[in-house]
Each structure stands twice: as structure tokens, then as C-alpha cells.
Amino acid sequence: MSRKAVRTLILISILLLATGVRFYRLEAQSFWNDEGNSARAAERPIPLILEAAEGDIHPPGYYLLLHLWRGLTGESEFSLRALSALCGILTVAFTYGLGRRLLSPSVGLGAAFLAALSPLSVYYSQEARMYALLGLLSAASTYFALYLLPPVSRFLLPASCFLLAAAAGLYTHYAFPFVLAVHNLLFLAWWGVQGHRQPDRWRLFGGWAGLQGAVLLLFAPWLPIALRSVTGWPSAGGGYTVGSALLHLFRALTVGLTLEAAEARWGLIVAGLLLLIGLWPERGKAGPVGALAAWLFLPVALIFAFDLYKPAYLKFLLAVLPPFHLLLAHGVQRLSRLTLDVSRLTFDASRSTFDVSRLTLYVLLLTISLPSLHNLYFNPAYARDDYRQIAADIERMARPGDGIVLDAPNQWEVFTYYHREGAPVYPIPRSRPPRADDVAAELARIGAAHTRLFVLYWGEAEADPQRLVEGWLATHAYPAGDRWYGTVRVAIYGLGSLPEEPATPLEARFGETIRLHGYALGEGPFAPGEVVPVTLFWEAEGAITERYKLFLHLLDGSGGLAAQTDAEPLGNLLPTDRWEMGQTVTDRIGVLLPPDLPPGEYALVMGLYHLVTGERLPVTTTGGETADHLQIGWVTVQAQAVRPALYAGHQAR
């Protein structure tokens, strides 16, 4: 079999490998917030996509392409993510083409192998966002740019392909100008060093300048919007050292986002050495290696120059993955050749020594990638926020009178991708920065219409930095517990009357400095699934230096635990170590009754315990009795009535 046929078979095998790792478990994880934005954007008609993109931080190209793709493949998670997977596979093919063109076919194959298993590439090839497309257009535009030397006039097809790829890149992501900066730097370097040897030097310069003008002309309709978006882009705000940031960038390029630096230490060292060797050019390869170095380092330098470095922006590195893999593969090639030369000095080594050395290095690089890929597929610590499970759990618990609040509003797209009908959904706050009066008024209207609220907290630092939603609910509703789904916290609240004084006065001291003056317990009977509202009236009789947590336990006839809620006072917003001497605290808390709770009479007991040690505070009542808890009443649970049809598909917004 000819060498060319062998290379073709290897390339096909690499592309099949790239396909397998990108489509494997493609739909296993839920869409997270930004993917939900993509999915719902793709549903809209094209005019609405363009209109929405005017206020977005991304241009409309990816959303338009996903809209067309959705029409062909459907709207499932697998279908929508498949577009990114395809982009990742094509990037592997272009990486091979670049390596073959710049260095050698064997370097191209090696780089394609690294790209096929790149954890960063696989991660974003399994996400319904524009970053895999950004990587593809970076590789494709650079590939076609190489064919513009020698003269443009002889290569009309590559010039047309470059024009389309570059314009598409601008419509895909506002970071793509960094790639165009690389193209222009490389052309000017070539023109300055070798252009004088060309008889039509100035015609070449004019052709290149005209091609860049044509790219800009194609982007001109969107240029004013782009300038407004880019100038309004928030900076990363510093807060990092260049050394640690560069290490973070290198870790992302080498092992992706799902392996910590400590776990990948030796892999990073090996990859770093190979990169340094790859950057040291062979005879006659200074130009190609320099071009790859510029492609790799110039966008990174611009990220720092424009203060755009932060972990959330590591996805921009998809644009420089091809030169990174090509330089690593070149390092493997050079080190293997050096091994062969040393072997020939000591024994009669053949080319097989070179091949074994090269294969060994690629296997070593493969072992670096595998733990990160395993984490991507199977480690819950690196899983995307599970909105699919959130919607399923809320539907499982659904009952008449429920409402759903999204704090922040941009969760609406991803949540309603899974929650298409059922309890109405209210995304608030409506404005940035949020206005306290508006938030309170809307929550009051929502609270009056419902008996329970599920509240999804995500991204409040930006959407609700004053925690207006959570603060209002802590004083006007009854928090009954919460659960984390990745970085999303889902809390449940009961709603009802809000007593301002104890219905049952008493005097009970918890420890030495906390006194309970009484409580108010919601009137029953209650049905399974309802929230039992409890209001406690506290006073700080002295300085409190410890943080204590409140527990409410619902006990059955045999003393077994039937339901419970644990929280710090005021919905975790007012820890006891922040209470001032003489301060009175009205604390509302609820107990969520399990949906399968049998009917009967249940004792409700409460107490406080140390947040750190879990040790309960002693409770002393007026009669002098001391215990580690206090019974505050009985809760009557009635049989669950037959649940009527719930909702008519109302989706408030």
C-alpha cells in the first residue's frame, strides 16, 4: 500500500475517532443557561433573531445557522448540539490540512489526532453555542489564506472561500477580529520579507487589501451594532496575576476545563516541553513555525491587552487550538527525530526507532486527555446546570396554586425549553439595575395569586446584587428548604397570612442570650405537599458571637421524623452572629409536607444548633424545664384529595 493511501486511512480513522468522542453521550447532560438561549433563539423567525441579536453580546450568525439546522434536524438536545459536533469534526480536518501545508503530512496527522481528542474542543463540540463554529472558521479562514500566496489572481476559489469564512467569522463572534489581525500580520510579514521577489508585489498588496475590504463590506450591515456591542463589553476587571492566568490558559488548551492543574501537573510539563521544542524551527521551517506562533500568541496577547481574561472567556481559545496542536505535533516530530539521531550514534537505529518514539509521545499525550474526557462524560462535579431535572422535579411536585420565579430573568429561555406547560413562570427583576419598589410590587402580585412558589436562583450577583427577590420572600413568605442543581439553587416557599405578633405567647430561652417570645402556626388541616407556615418571634438579650441554625421537625406518633426544615434565621439572610443586643427578629419559616405523607396528627418541634458542630442549644422554659428542643404545636394532615387538572399552559413573562 502506498504511503499516501496509508495517510488517507489514518486520517479517516482520526476523523471517525473525532466523530465518536463528540457524539458520545451528546444528549446526556441538560442544556445549561446559555444553551437554552441558543435553543429558544433558533425557534424564532429570522427577523426576530436579528432583532434579538441587536441587544445581545453575540452577533446573529450562529443563531441563524442553528435556525436552519433546527429546521432540518429537530429541536432535541442531541439535534441542536450536533451542529457544534460537526464543526468540531471539520476543525480536525482543517487542522490536518494546515499541518500538511505548513510543515508535513505526518505533523498534520499528529495535530489532527491531538485535535480529535482535545478536551477543550470536545467540551465545546458538545455545547449548543457558537464556540465550536468560531474554532472552525478560525481554522478554515487561515487555511484558505495560505492559498492566497502566491498571487490572488491565480487562486480565485481560495480567495472566495477566505472571504466567506472571514465574513462568517465576524458574524459568529466578536472575538474573530483577533484572527483577522493574525492574517494581516502574517501577510505583511510575508510581503515585507519575500514580496520584493515578486514582480507584481504591489498588485499582491492591493489584492490583499481589497480582499480585506470585501470582508468588511460584507460585515458592514452589522458593523454599527457590533461597535456598540463591543464598546459596551465589560472588562474582566483584572484581579489576576499574569503568571497564574497564563497557566490557566495553558491548562485549558492542554487538558480542557474538566481537570484541575494539580491533577494534570506532569501532563502540563510534558506538553510544555513539547511546545517549546515545536517552537524551535527546523531548517527551512522558520516561516511556518513563526506563523503558527503568531496565530497562537497574538490573540492571547490581545485578550490581555483588552482586559478580557477571566475563566468564563476561556472558550475564546477555540480560535487558537489549531496552531497549539500543530506546534505540539511539530514538537513530537522534532523530539522523535532527535531520538533517532542519538540512537544512530549508539547503535544502528532504523526509521522504526523514529516511529516508535513518535507513537510513544502521542500515547503519552493521549493519557493526558483521557482523565479530562472521563470527567466531562461522567463526573457530576463538571456537569452543566441540570435544568432538565429541575423542571422534572417541579412537575413531579406540582399542585394547584404553584408559581415559578426565575431570579435572574435570563433563565427563562432554558427553563421553558423543558417547562413548556404547567405552573406560570415569572422572570424577575425586570430591569438592570433592579428597582426595589418594582420588584416588591411584582412579587406582591405574584404572591397574592399563588400558595407555593418555586424560585430558581442563578446569576443573582449580576441580575439581583441586592438580593431584592430573596429578601422580600424571606419576610413575606415561608422558606421551606432548597436544593442545588449545579450552580442553580431551587428554593420552595409557602404563602399565606403574615402574623406580626405571637398567636401563642411564651417565654423560652435558647442558650444564654436568645429568647423566643412566642410563635404563630398556620391553621390546618394541611394536605400532603403543602407548606406549614411558622412565624417565630425572637429577641437577642445579649451579644451573640456564634451562628446557629434553626430546625423544625415534624414527628409522627412514634417519634419518627416525617418532615423537616433547617435554616438560619430570615431565610439564611440574617445569621444570629449579626443580631444586635435587644434586637427583635420576626422569622418566617415553613415545613414542606411530603406528597406521600399519611394523614394523621403530627407534633411540631423546634430548636437551635451550632452551625459548625451541630450541637443543640439547651432550651429553658418558664417552668424551669430544660431540653434540647421545644414542641410548639400539632399539625393535622388530611388525606390528599384527587388532584384536578392543573394548568392551562400559562407561561407568564
Side-chain angles (χ1 to χ4, degrees), residues 1-19 21-22 87-118 120-122 125 135-149 158 161-162 165 179 182-183 186 253-254 271 274-275 277-296 318-337 340 351 354-355 357-366 369:
M1 187 180 295
S2 68
R3 184 173 296 179
K4 182 177 180 180
V6 170
R7 284 202 301 265
T8 301
L9 286 176
I10 294 175
L11 178 60
I12 291 173
S13 299
I14 290 172
L15 292 175
L16 289 174
L17 176 64
T19 302
V21 297
R22 282 159 178 79
C87 290
I89 296 163
L90 292 175
T91 303
V92 174
F94 274 106
T95 300
Y96 166 75
L98 286 160
R100 184 188 63 182
R101 171 79 174 173
L102 288 170
L103 296 168
S104 70
S106 59
V107 170
L109 288 173
F113 175 73
L114 296 176
L117 294 173
S118 164
L120 188 66
S121 176
V122 174
S125 294
L136 170 60
L137 294 173
S138 175
S141 60
T142 306
Y143 177 83
F144 292 120
L146 294 176
Y147 279 90
L148 302 181
L149 305 173
C161 291
F162 171 81
V179 179
V182 172
H183 296 158
L186 295 181
L253 288 168
T254 306
L274 288 173
L275 181 63
I277 295 171
L279 285 166
W280 194 268
E282 301 176 78
R283 181 179 300 176
K285 297 293 185 181
V289 170
L292 292 172
W295 185 6
L296 174 60
L318 270 290
V320 300
L321 265 182
F324 179 74
H325 293 139
L326 287 163
L327 288 169
L328 277 185
H330 186 234
V332 169
Q333 189 91 346
R334 292 214 65 203
L335 185 58
S336 300
R337 195 163 287 153
L340 176 61
R351 181 175 176 82
F354 171 76
D355 293 333
S357 173
R358 185 171 54 178
L359 180 60
T360 301
L361 289 171
Y362 281 122
V363 170
L364 182 59
L365 290 173
L366 171 62
S369 300

Could you pull out every donor-acceptor pair under 3.5 Å between side chains of residues 321-330 and any protein atom, sequence neighbours left out?
from	atom 1	to	atom 2	distance (Å)
His325	ND1	Leu321	O	3.3
His330	ND1	Gly278	O	2.8
His330	NE2	Glu282	OE2	3.0

Nearest 0.5 Å, please: how far is [atom2] in [Y] from [atom1] in [X]?
{"X": "Leu137", "Y": "Thr142", "atom1": "CG", "atom2": "OG1", "answer": "10.0 Å"}
{"X": "Ser13", "Y": "Phe113", "atom1": "OG", "atom2": "CZ", "answer": "11.0 Å"}
{"X": "Leu318", "Y": "Leu120", "atom1": "CG", "atom2": "CG", "answer": "5.0 Å"}
{"X": "Lys285", "Y": "Arg334", "atom1": "NZ", "atom2": "CZ", "answer": "11.5 Å"}
{"X": "Leu17", "Y": "Ile10", "atom1": "CG", "atom2": "CD1", "answer": "13.0 Å"}
{"X": "Ile14", "Y": "Ile89", "atom1": "CD1", "atom2": "CD1", "answer": "13.5 Å"}

Is there a side-chain contact between Val122 and Leu117 (heavy atoms, below 4.5 Å)?
no
Validation row: Ser121, Thr91 side chains within 4.5 angstrom (heavy atoms):
no
Is there a donor-acceptor pair under 3.5 Å between the side chain of Arg101 and the backbone N or O of Leu146?
yes
Provide the closest heavy-atom pair for [X] versus [Y] in the form atom of the first, atom of the second, distance.
{"X": "Leu186", "Y": "Ala291", "value": "CD2-CA, 3.5 Å"}
{"X": "Ala116", "Y": "Arg22", "value": "O-NH1, 2.7 Å"}
{"X": "Leu361", "Y": "Ser336", "value": "CD1-OG, 3.8 Å"}
{"X": "Ala139", "Y": "Phe94", "value": "CB-CB, 3.9 Å"}
{"X": "Pro158", "Y": "Tyr147", "value": "CB-CB, 3.6 Å"}

Kindly write out the residues that satisfy side-chain hydrogen bond (donor to acceptor under 3.5 Å, both in side chains) with [X], not counting sequence neighbours, or none if the list is empty.
{"X": "Thr254", "answer": "none"}
{"X": "Ser138", "answer": "Trp295"}
{"X": "Thr95", "answer": "none"}
{"X": "Ser118", "answer": "none"}

For Tyr96, what residues pass the ring pair (Phe, Tyr, Trp, His ring centres under 6.0 Å) criterion, not counting sequence neighbours?
none
In Gln333, Arg100, Arg7, the residue satisfying side-chain hydrogen bond (donor to acceptor under 3.5 Å, both in side chains) with Ser106 is Gln333
So which of Leu279, Leu364, Val332 actually passes side-chain contact (heavy atoms from CB on, under 4.5 Å) with Leu274?
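Exactly one pass, corresponding to Val332.
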Side chain to side chain contact (heavy atoms under 4.5 Å, CB included) evaluation trace for Leu98 with Leu292
CA-CA 10 Å; Leu98 286 160; Leu292 292 172; 6.0 Å; no
Might you work through the side chain to side chain contact (heavy atoms under 4.5 Å, CB included) test for Leu114 and Leu365, ending with a clear yes or no?
CA-CA 8 Å; Leu114 296 176; Leu365 290 173; 3.7 Å; yes
